[in-house]
There are 2 protein chains.
Amino acid sequence: MPMDMTAEHTLPALQKRPRGRPRKSDEDRGDGNRRGELLRSAARLFRRKGFGGTSTRDIAAATGMRSGSPFYHFESKQALLYAVMDEGMRSAISKQAAAMQQAACPGAGSSRGLAPVAQLRALIRNHFDILLGHGNDFIPVMLYEARSITRSQRAALAHLQGEYEAPWIPVLESLREGGLLKADVKIARLLIFGALNWSVQWFDRRKGASLDELTEQAMQLFTGTS
Amino acid sequence: MPMDMTAEHTLPALQKRPRGRPRKSDEDRGDGNRRGELLRSAARLFRRKGFGGTSTRDIAAATGMRSGSPFYHFESKQALLYAVMDEGMRSAISKQAAAMQQAACPGAGSSRGLAPVAQLRALIRNHFDILLGHGNDFIPVMLYEARSITRSQRAALAHLQGEYEAPWIPVLESLREGGLLKADVKIARLLIFGALNWSVQWFDRRKGASLDELTEQAMQLFTGTS
DNA sequence: CCTACCGATCGGTAGG
DNA sequence: CCTACCGATCGGTAGG
């Protein structure tokens with residue numbers, strides 16, 4: 001094992017007393033509560049004012065902390081931004097998996113031709129929910145602040161994005177084969193994600209169409225069916 | 001003439017020596033050159049690092065100026081951002097008008113049914129050019145930094161955006177009536193602009209499809225024709 | 001997680 | 001457009 005760490009290995013395992021600042025051993029239990037609050041505040045502010053336009057003091061104040069305290073939970077402002085994006089992607093992936101499971105079951109016995117349409121509808125509807133459901137600032141931040149993380153952080157996120165996009169591909173291919181999708185699948189996917197992602201710029205929950213109506217219109221636009 | 005300026009008027013016209021700061025009377029001639037260079041540098045940096053992540057010193061350095069000099073041309077950093085967006089929109093509007101004029105002439109005598117398809121193609125092709133042509137950072141900045149300008153500045157830009165979008169509406173309505181566009185025109189317009197605008201996030205001039213191919217695929221996706 | 005603090009950088013200005 | 005500068009704010013840290 002190449003990792004030869006500190007002498008702590010040799011110490012008795014009972015409650016190693018942290019000198020200086022206590023180390024957090026697990027990230028999402030115990031006081032992971034405050035960490036979660038920080039993430040939510042940060043997501044909201046990063047979205048509203050941008051990464052460069054938000055100070056760590058803003059975030060601390062919005063969470064009810066003093067200016068230095070965010071750095072107990074996160075190494076740096078950038079690490080906080082990355083954590084927002086990472087959390088957003090993981091949550092999106094698990095929501096999408098749940099949505100697909102639901103969409104698969106009811107139509108299990110029905111006609112084989114209808115399946116890809118229903119699946120695309122489920123994917124789009126879920127995507128709108130992730131983008132536009134209230135309190136969902138994580139994904140918008142990820143979509144619009146990618147330039148503020150490092151190249152390797154971006155690579156890690158790209159991996160998660162690939163995971164998220166994976167279920168879309170066979171669905172789009174089925175539609176293409178069935179003649180309902182007229183464009184090249186790879187480019188169609190990019191254009192479709194663009195159309196959906198852009199909705200965070202104009203969608204107003206308080207007026208206009210519902211997410212269901214939006215989904216129907218998107219289905220009409222891309223496949224001519226609904 | 002309401003402009004009653006300084007006593008400089010009474011001095012001999014040879015090389016009026018500016019005390020304090022010389023006033024610029026016109027904005028885009030004479031040394032408007034440097035102003036334009038500032039705009040281009042600012043657009044590039046705002047796009048790459050965001051408004052909050054770019055310092056006025058960065059912009060000055062990229063233009064070959066000292067740190068205080070941008071403020072000779074612009075009241076504030078925000079005014080510089082707004083000028084980038086305003087210039088971007090005006091340029092886009094005039095480019096679009098030229099593209100539409102070209103698209104209208106050749107098909108003047110041809111079949112009436114083909115026109116809206118050709119017009120949408122011209123609009124989309126031109127839009128890709130505005131977004132993805134090299135050196136065109138102005139519109140991407142406008143698309144992704146809107147939150148960093150004031151409400152009234154946003155309102156002024158919205159007016160220009162309305163002007164830009166105007167020619168799209170009758171074209172989309174024709175296509176809808178002709179059965180080639182299946183979605184509601186208002187929502188379709190928003191989704192289509194999203195699909196196109198998002199391309200600034202993934203399009204790579206050095207590889208992949210050309211703008212012509214991209215346009216064809218977009219036409220296929222939205223109208224099923226090309 | 002708070003207190004107290006540091007060095008760096010920032011937007012902007014006076015004056016020429 | 002440069003020089004020289006200011007007050008404010010910023011990300012981050014030591015120490016408890």
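The shown structure was predicted, so the numbers you read here are calculated from the model rather than taken from an experiment. Order of the sequence lines fixes the chain letters, A, B, ..., with proteins taken first and strands second; residue numbering starts at 1 for each chain.
- The side chain of A:Arg34 approaches C:dC1 more closely than any other nucleotide in the set C:dG11, C:dC1, D:dC10.
- Atom pair A:Glu37:CD and C:dC1:C1' shows a separation of 13 Å (rounding to whole Å applied).
- With respect to the salt-bridge test (charged N to carboxylate O, under 4.0 angstrom), the residues A:Asp212 and A:Arg125 qualify.
- Within the nucleic acid shown, A:Thr63 has no heavy atom closer than 4.0 Å to any nucleic acid atom.
- In this structure, a donor-acceptor pair under 3.5 Å is present between the side chains of B:His127 and B:Tyr164.
- Within the shown strands, D:dC2 is the pairing partner of C:dG15 under the Watson-Crick or G-U definition, both distances less than 3.5 Å.
- Atom CZ of B:Arg57 is separated from atom C1' of D:dC10 by 14 Å (rounded to the nearest Å).
- In this structure, B:Phe138 and B:Glu87 approach most closely via the heavy-atom pair CE2-CG, 3.5 Å.
- As a whole-Å value, the separation of B:Phe71 CZ from D:dT3 C1' is 15 Å.
- Note on A:Ser55: every side-chain N or O is 4.0 Å or more away from OP1 and OP2 of D:dT9.
- Rounding to the nearest 0.5 angstrom, the gap separating the OH atom in A:Tyr82 from the CE atom in A:Met142 is 11.0 Å.
- Going from atom CD of B:Gln78 over to atom C1' of C:dC10 covers 16 Å, rounded to whole Å.
- The interatomic distance linking B:Lys77 (NZ) with C:dG12 (C1') rounds to 12 Å, in whole Å.
- Note: A:Tyr144 and B:Trp198 have perpendicular aromatic rings, judged against thresholds of 30 and 60 degrees for the angle between ring planes.
- Atom pair B:Leu45:CG and C:dC10:P shows a separation of 12 Å (rounding to whole Å applied).
- At the phosphate of C:dG11, neither OP1 nor OP2 sits under 4.0 Å from any side-chain N or O atom of B:Ser76.
- Taking atom CG of B:Asp58 as the reference point, atom C1' of C:dT9 lies 11 Å away to the nearest angstrom.
- For D:dT3, the OP1/OP2 oxygens have a side-chain nitrogen or oxygen of B:Arg66 closer than 4.0 Å.
- Contact annotation for A:Ser69: base contact, defined as any heavy-atom pair under 4.0 Å involving a base atom.
- The CD-P distance, from A:Glu75 to D:dT13, rounds to 8 Å in whole Å.
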